[in-house]
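First the proteins, then the strands, lettered A, B, ... as listed; each starts at 1.
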Amino acid sequence: EAGVTQFPSHSVIEKGQTVTLRCDPISGHDNLYWYRRVMGKEIKFLLHFVKESKQDESGMPNNRFLAERTGGTYSTLKVQPAELEDSGVYFCASSQVASRRDTEAFFGQGTRLTVV
Amino acid sequence: AQSVTQLGSHVSVSEGALVLLRCNYSSSVPPYLFWYVQYPNQGLQLLLKYTSAATLVKGINGFEAEFKKSETSFHLTKPSAHMSDAAEYFCAVRGNNDMRFGAGTRLTVKP
């Protein structure tokens, strides 16, 4: 069974450009999460989808970030326009049942975004 | 609100020595706690989790963690370090809809 996959693994863009990150969750997982780790700090929550609906987007830094999950399958996270402080590693995770607090999330390998 | 604090961003041990990675939590409800590991160029992998069934939790690769409510701690240990244990380790607590992570501890194992 395939795990959570993220594309691309690395992206280097110039300030002001647009980048779109993609996440394919584990098949059958309704819950999809985006996280970000900046400069060796803690991994911070960005948002949570249940199927195609945004359950919680309280962690999104600002309106330059747009996440979508059309059809409740894969998700994209677009940064437009990118700023230097957006550099970091973006992780995607999925889980089966979000309401059960003992349910772990399965993570992808992350996308390392560098804005220059 | 739930949060975790990992003490020590870098830990270095000799091969065969005890590994101890520290994690303290803060939670207004009984916590569900997790340890994840990230090997180079890989995603986060679950090592073990505490879900109130037993205070001593055994995980993969010989790791275990003990939940101590009186100390609000969930430290990760392994009796004998192996070179392959070199990685970054993250403690996490379950929030309402998400995981709240610590800053991570990078473990180096010296031959």
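Under the 6.0 Å cut-off for aromatic ring centres, B:Phe63 and B:Tyr89 qualify, their centroids lying closer than that. Centroid-to-centroid, the aromatic rings of A:Phe45 and B:Phe101 stay 6.0 Å apart or farther. Between A:Tyr35 and A:Tyr90, the distance from one ring center to the other does not fall under 6.0 angstrom.
Proximity to chain A is limited to the side chain of B:Gln38, based on heavy atoms less than 4.5 angstrom apart. Of the two parts of B:Leu46, only the side chain, counted from C-beta on, holds a non-hydrogen atom closer than 4.5 Å to a non-hydrogen atom of chain A. Proximity to chain A is absent for every atom of B:Tyr50, based on heavy atoms less than 4.5 angstrom apart. No part of A:Arg112 comes within reach of chain B, as not one of its non-hydrogen atoms sits under 4.5 angstrom from that chain. Only the side chain of B:Glu88 comes within contact range of chain A, with at least one heavy atom under 4.5 Å from a heavy atom of that chain.
Under the 4.5 Å side-chain criterion, counting only non-hydrogen atoms from C-beta, B:Tyr36 is in contact with A:Phe107. Side-chain contact between A:Arg22 and A:Tyr74 is present, with at least one heavy-atom pair separated by less than 4.5 Å.
Heavy-atom pairs under 4.5 Å with chain B were tallied for A:Ala93, A:Ser9, A:Gly59, A:Ala105; the largest tally goes to A:Ala105.
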